[in-house]
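Here's the structure, in C-alpha cells; my notes come after.
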Amino acid sequence: MTGIFVQLQPNSASGSGALEHDPSSIYLRIPAGEAVPGPLPLGVSVIDASVALFGVVFPHVSFKHRLQMLDHFAECVKQAKGVRQQSVQLNIFTAVLSALKGLAENKSSLGPEEVRKSALTLVMGALDNPNPILRCAAGEALGRMAQVVGEATFIARMAQHSFDKLKSARDVVSRTGHSLALGCLHRYVGGIGSGQHLKTSVSILLALAQDGTSPEVQTWSLHSLALIVDSSGPMYRGYVEPTLSLVLTLLLTVPPSHTEVHQCLGRCLGAIITTVGPELQGNGPTISTIRSSCLVGCAIMQDHSDSLVQAAAISCLQQLHMFAPRHVNLSSLVPCLCVHLGSSHLLLRRAAVACLRQLAQREAAEVCEYAMNLAKNAGDKESSGININITDTGLEGVLFGMLDRETDRKLCSDIHDTLGHMLSSLAVDKLSHWLQLCKDVLAATSDVGTASLVAGIRDEESEKKDEMDDDTMFTTLGEDDKSKPFVAPRWATRVFAADCLCRIITLCENANLPHFDLAAARTLKMKNPKSDCLVLHLSDLIRMAFMAATDHSNQLRMAGLQALEDIIKKFAAVPEPEFPGHVILEQYQANVGAALRPAFSQDTPSDIVAKACQVCSAWIGSKVVSDLNDLRRVHNLLVSSLDKAQAGKGASSQLYRESAITMEKLAVLKAWAEVYVVAMTIKNEADNKPRKSLKTNDEDDDDYGTVDELPPDSLISLVESALPALSRLWLAVLKDYALLTLPPEFASQLPPDGGAFYTPETIDTARLHYRNSWAPILHAVALWLNSTGFNSSENTDEMMGSQKRYTNQPPGTPPSPKSLMELNKDRMHLILGISIQFFCAPRPEEPVEHVTACLQALHILLESSFARSHIAEDQVIGVELLNVLHRLLLTCNPTCVQLLVTSVVQQIVRAAQDKLQEQRNAQSKDDTSEKETQMLLGEGEENGGLIPGKSLVFAAMELLMFILVRHMPQLSSKVSDSPSHIISRQQQLSEESTRLVASTVTILADLPVLCSPSGCMTILPTILYLVTKVLKETAIKSSDNQTPIPVSSCLQAIKTIITSSLAKTEKTQKKWTDLIRSTLASVLEYPQTGDSKHTPDEVSILTAIVLFLLSASTEIIGVQSLQTGCINKFKAAITSSDPWVQAKGYQLLLSVFQHSNRAISTPYIHALAPIMVENLKAVEKKRPNNSSELLAVQEGIKVLERLVALGEEKNRVQLLALLVPTLISYLLDVNTFSSACPSSKDLHEFALQDLMHIGPLYPHAFKTVMGAAPELKARLETAIRANQASKAKAASRQPAPTIQSAPTIKLKTSFF
C-alpha cells in the first residue's frame, strides 16, 4: 500500500510543493517517515485529504452505500475521456486502495456478492490498462480484495483467471498486469492461504522472467516473484534452487543497460537469502552451493554501474552477514562501503550506512581497522580516480562529517546507531581517540571560514572569481578539499557529540580499569603506557562540557549541562593524591561556575534554567567546594532563580508558554530541596559524630581549615535564610501534585483557577513536570517538619487561602484560622496521602531515586513523636501503609529499597508500641488491682485472633515474611522447591542482604509486645520458627571467626522473646512452656550431618542455648531430654579440635556455672567439670603452640578457678587438689624455658601468676595441697626463684635515672 501511494503521489502534483501553499508548514513537524517536498496546492491537498477520509469512512457504511459508491466510481471512469480519465482513475484507485486497507485493518468484510462483483469489475478492467501506475494500483487492489474476502474459492478464481490470461496473452500490458496480480495475491493472502497455487505461480513467473524479448515483462515478473518469495517463507524452500539458478543466469545474460531488470533480480536474491535464513551457516553440499551462488550474484551486482543495483547488492550482503557472518569477507566489503559513503546517490549512501550499522553491532573493531587500511592505501586509490575521504579520525570521523551534510532522517538515524555501536565496543579501549573526536566536533568554530571570507572581501576581484568561490563553497565533491572554506559542524552534530561524551562516561563506569581513581590510574599508566583511564582526561571533559553549555544553541547548552552534571556526579568523590583531603574537581570550580552563570540570565529558556538548577544542586551537594565564598557564588544563582519562582502565576514575562514557566519554577524548588537535603544530611552526620577532645591551645577554630573542609553548618546557614519561603512553596507544590494525581472521576475537586504553579489550560503538561519534582521536595518537607518538631505555623496564611479556595465559602466570608494541631494534621495527611498513592501504583519508568526519597521522607517524618502518635491514633493508617509497602516490594527489587522499607516498618511498629504502652500505663494507674485486665490490651485480646486487613501485626508479619523468603527461599517449602530458587539456595547472602535479614528479625522480635497474651500465642510459633530457621541458615563459620549480623539479631530476638513477661500468664503458661521447649529442641537439632556444604558455627548455636538456660526457668528447660542435648553440645564444644571454639565454649560454660539457680547449673557442673579437668591436664603433654590454643587453656583455667570459688569450704581442698597440680604442670623447667616457644612461655607465666594469686586467697587449703605433694612444692619454688632472678637481672640492665645537678651559677633575678 505504501509503495503504490509513493508511486501515485508524484503524478498528482509533481514539483508543485511550495511554502506559499501552506505557511504553517514552517513550524509544524512533518510526520515521521513522510518525505514531502513541500506544501502542495490547496486543490491537491483537498483531494489527498478526501482520499484518506474515504478510507476511514468506507468500513463503517452499509453495504448498499458501498455498492452505490463503487458503481459511481465505475460510471465516472466511463464518462471521463482522455487525460482526465487517467487522473480520475488514479484518484479513484487511490481511494479504493485506502478503503480496502481500512477494511483489512478493521477485519471487516467487503460485503455481499454484488459489492464484490462491482469492485472486481472496477479492478479487473485496469489490469490491462496501458498506464503502468494504474496496473500497479489494480494489482494491489486485487490482493487487498482477496485479503478482505478471505475465501479460498475467491482466491482460487482470481488466481486461475490470471493463470489463463498469462498463458494465452502475448501482449506486454496483459502479461505485466496479471503477473503483478499473482504477486499481490500471494503477498496479501499469505503463504498458507495461497499455498496450493504456489507451484503454478512460480512456474509461470519463472517462464515469463526468461522472456528476453521484453525487459518490461521480465521486470514485472521478477518483481512479482520477489513478492511471492517474501510472502511464502519456508514454503518456498523447494523452489530456491531453480529460482537462484535463473537469477544468476539473468544477471549474466541480461544487458547492464536494462537496470530495472537487474534491480528486480537484486530483490529476488534478497528474498531468497531471507527464505533460506540460518541454514546458510551449514556446510552441506546443497547449502554451500546456494551460499556460493548468492555471493556470486552479489559480486555481479556490485560491479554494476547503476547505483540502485549496487544498493541492492549491499542489502543482499547485509542479509548474508546476518545469517552466515563467517562467510562474508569484510576485508572487501568494508572498503566498498566506505567508497559508497561519498556517493552522490542517496539510496546508495543509505544502503552503505545501513550495512555498516549492522556490521558495527558485532565487529566494530574489524570494521574500523579495514577502513583505516583503506585510508593508508589512499594513494593507490587516488590514481584510480576513487575519492576516499577517510583521514586519521578513521571511519568515525567520516560518519561525523556525514551528519553535517545529510538531511535524510533514516540515514542520519542509521549514522547515529552506527556511531553508537562503535562507541560501545571501542570507546573504553581507545579512549583518547574518541575523546579527541568529540572534542574536535565540539570545539570547532567558524573562525577559519570567517577569515577566508574577510580575505575574499578585501581581494574583491571579478564576478567570475566570486562565482568560483561560490562553486567551491557549495560543491560537495571538489577535487581539492584544502581549498574549501572551513564550515563549523551543525548544532545537531555537536549535540550528538555531547551525548557521546555522556555515553563514554557511563561506559567507563562499568569498565574494569580505574577510570575514577587518579592515583591508581597514574600507577597503571607508569606500568603500561598504552593503558588509558578517563580520570586522566578530566580537564578535557570539563572543557568540552563548558564549551557545549555556553554555546548559542539551546539544544547544545542542554546537552552540555547534562554532560557537566554527569561529570560532577562521577568525579565528585575522586581524591587528589598529591593533596590529601582534597578532591580533583576543586581545581575546576571556576569552570563550573562560568558554565552555569549564563544559564540564569533573563532571556534563557525555561528548560535550560531547569537543567542548570539541577546541575547547581548536584554541584553544591557533591561537597566538592571547600571555600564558603566559592559556594556562595553558585548559591547566589539559585537565590536569583528563587525570586522568580516566588512570583505568582502570570507575573513573569510571557516569552514562553505557561507549562514552561511551571517546569522552571518546579526545577528551582526541586534544586533547593536537594540542596537542603544534603545540608541536613551533613549537619546530622556532624551531630552524630563523637566530639573531639578539647585542645589545650587555641587551635579549635582551625579545625576545619587544616584540610580546607567546610564547617558542617555552613551549607545549612546558606539555606536557612530562604527556608520560610521555601517551606511555603514546597507545601504548595505537594498540594498541587496531590490534586493532580486524583483519578479522573474526582476532576471536579480541582480548583477552577488552577494551582499554585499551573493553570487549568496546561494541566496535562504540568503533570509531567510535577511528576519529575515531587520526590525530593517531599523529602525536604519531611526534614523541615522533623527539624522544627511540627512547631512551625508560618504557613497559616497559605493554608487559610487554600482552605478558602477548596471550599464553597462565599467570597466575602473570611476563613477561620486553623490551629497548629489541625495544620500539622493536614500536613501529615498530605504527605501520607502522596506516599501511599505513589506506593499503590508506582510507574515502571519511575526512577528508583523517587522511591528511596519517598521512603526516606517517611522514615524521617516518623522519627518525630508527633508523626508517630498521629499514625498510632488510627491503626488503619499504619495497616494501609504496611500493605502498600508490601505491594511496593513486589515490583521493586533493589536491596537499598528493601532496607528503607524495613526502617519505615520499624518506625510504624515503634509508634504502635509507644501508643500501647501509654494505654497500659494509664490503665495501670486507674486499675492497679486487676492485672489481667491490663494484660488484655493489644491485638488478639482474649481469643488471640488477628484479622487480616485490620491487624497491624498481621500486615507487618506478611511484609517481613516476604522479605525473608525473597532472600532466603529455604524458609518456605513451596518457594524453596521451585526450580527458580535452586541456585539461590546454595549461595551465601550478600552484605546488604545480611543487614536486611538482621533488621527483619529485629522487627519480628518486637511484634509480640503489640499483642495480648493470647495474641502472643498466635504469632509466637511463626516468629520463633523464622528466628530459629534464620539462625540455622546464617550460623556459618567464617575465616575470621566473626559473628554474622543476622546471627546477632537472632540471638537478641531470642533473648527479647524469652524475657518478655506478656505471654507468661496463667492462661497461657502451658502453651508458653511447650513453645519454648520445642524451640530449644529445634536449636539442639542443628547442625545435622549433610545439612549444608558450609561449616556450621557451633559457637552461635551454643550461645543461643545459653540464652535459653539463663533466661528461662528451670521448670521449662529442666526436662531431662533437653538437658542431655544441651550437655552434649557443651561437650562437643570443649572437646573441639578448634581452639577458638574451645575458648568460647569455656566462656559460655562459665556463665552457666555462675547461674544463680543451682538447680540449673548443678547438672552441668557434674557432667562437664570432669571432662574439662581432663582436657586441662592433657595440656602438660601437648603444650599450646599459638595464641588461640593458649587462650583456650586460659579460659578453661578461669572456669576451674570459678568452680573452686563456688565450692563449699569443706570441699575447697579437694577442688584445689584438681586446680593446683594442673597449674604446676604448666610450669617449665629452668633448662627448657629458654628453648620453649612464646606460647609455652606465656602459659608458664600465666600459671605462675595464677598460683601466686591463689595461694594468698585460700592459704589453709593451699598449704594442705602443697604439703601433700612435696615434688609440686619444689617445682613451684624453683619457678618462683627463677622468676625473681630474671626480674632482678632485668632491673640491673636498666640504666640508672639521671639526676640533674643544680646549676653552679645562680641568677639573682628570676625570669619565671
Side-chain angles (χ1 to χ4, degrees), residues 836 839 862 868 871-890 901-902 904-920 923 932-966 971-975 999-1030 1053-1054 1056-1058 1060-1076 1078-1079:
I836 290 176
F839 292 143
L862 292 175
R868 288 200 303 274
I871 280 192
E873 283 177 5
D874 188 359
Q875 186 165 311
V876 176
I877 298 177
V879 173
E880 185 66 22
L881 193 53
L882 289 172
N883 287 336
V884 295
L885 289 174
H886 183 197
R887 184 171 180 172
L888 173 71
L889 292 178
L890 293 173
V901 167
T902 55
V904 174
V905 174
Q906 198 159 20
Q907 294 284 18
I908 296 172
V909 172
R910 180 185 170 193
Q913 286 177 339
D914 294 344
K915 181 69 176 178
L916 190 61
Q917 191 59 44
E918 288 179 8
Q919 293 176 351
R920 285 172 176 160
Q923 196 177 56
E932 286 294 325
T933 307
Q934 179 187 353
M935 297 299 288
L936 287 178
L937 283 175
E939 292 193 20
E941 298 179 350
E942 292 186 13
N943 59 358
L946 302 179
I947 304 173
K950 295 183 179 180
S951 168
L952 185 78
V953 174
F954 181 86
M957 288 187 66
E958 194 175 23
L959 186 148
L960 298 172
M961 179 69 182
F962 173 81
I963 294 177
L964 285 176
V965 173
R966 170 72 67 88
L971 295 181
S972 171
S973 58
K974 291 182 179 179
V975 179
S999 177
T1000 306
V1001 169
T1002 303
I1003 302 171
L1004 278 174
D1006 292 335
L1007 292 181
V1009 182
L1010 302 178
C1011 299
S1012 65
S1014 299
C1016 283
M1017 289 298 102
T1018 302
I1019 66 169
L1020 273 177
T1022 304
I1023 293 177
L1024 284 172
Y1025 169 80
L1026 291 174
V1027 170
T1028 52
K1029 191 75 173 175
V1030 171
I1054 290 173
T1056 303
I1057 293 170
I1058 295 176
S1060 174
S1061 59
L1062 287 174
K1064 302 173 186 176
T1065 60
E1066 294 180 4
K1067 189 177 179 181
T1068 60
Q1069 185 64 40
K1070 185 177 185 307
K1071 288 184 179 179
W1072 170 261
T1073 303
D1074 294 342
L1075 191 58
I1076 297 301
S1078 62
T1079 306

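Numbers for residues simply follow the sequence, beginning at 1.
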Nearest-0.5 Å distance, [atom1] of residue [X] to [atom2] of residue [Y]:
X: Ile871; Y: Asp914; atom1: CD1; atom2: CG; value: 12.0 Å
X: Trp1072; Y: Ile1057; atom1: CH2; atom2: CD1; value: 7.5 Å
X: Ile1076; Y: Leu1024; atom1: CD1; atom2: CG; value: 6.0 Å
X: Glu939; Y: Cys1016; atom1: CD; atom2: SG; value: 10.5 Å
X: Leu1020; Y: Leu1004; atom1: CG; atom2: CG; value: 11.0 Å
X: Cys1011; Y: Ile1023; atom1: SG; atom2: CD1; value: 7.0 Å

Non-hydrogen atoms of [X] and [Y] that approach each other most closely:
X: Thr1002; Y: Gln906; result: CG2-NE2, 4.0 Å
X: Leu882; Y: Ala956; result: CD1-N, 3.8 Å
X: Val1009; Y: Gln913; result: CB-NE2, 4.1 Å
X: Leu959; Y: His886; result: CD1-N, 3.4 Å
X: Ala912; Y: Leu952; result: CB-CD2, 3.4 Å
X: Ala911; Y: Ala872; result: O-CB, 3.5 Å

Should [X] and [Y] count as side-chain neighbours, where that means a heavy-atom distance under 4.5 Å?
X: Val1030; Y: Thr1000; result: no
X: Leu1007; Y: Leu960; result: yes
X: Leu1026; Y: Val1001; result: no
X: Phe954; Y: Ile947; result: no

Would you check if the side chain of [X] reaches a backbone N or O of [Y] as a donor-acceptor pair within less than 3.5 Å?
X: Ser1060; Y: Thr1056; value: no
X: Ser951; Y: Pro948; value: no
X: Glu880; Y: Ile836; value: no

Identified side chain to side chain contact (heavy atoms under 4.5 Å, CB included) counterpart of Pro1008 within the set Ile1019, Val953, Thr1018
Ile1019
Applying side-chain contact (heavy atoms from CB on, under 4.5 Å), can you list everything that pairs with Gln907, at least two apart in sequence or on another chain?
His859, Leu862, Glu863, Arg868, Arg910
Check side-chain contact (heavy atoms from CB on, under 4.5 Å) between Lys1071 and all other residues, then give those that pass, not counting sequence neighbours.
Met1017
Should we count CG of Leu890 as having more than 12 external heavy atoms under 6.0 Å?
yes
For side chain to side chain contact (heavy atoms under 4.5 Å, CB included), just list the numbers for Glu873 and Lys915, CA-CA rounded to whole Å, side-chain angles, deciding distance to a tenth of an Å, and then say yes or no.
CA-CA 8 Å; Glu873 283 177 5; Lys915 181 69 176 178; 4.2 Å; yes
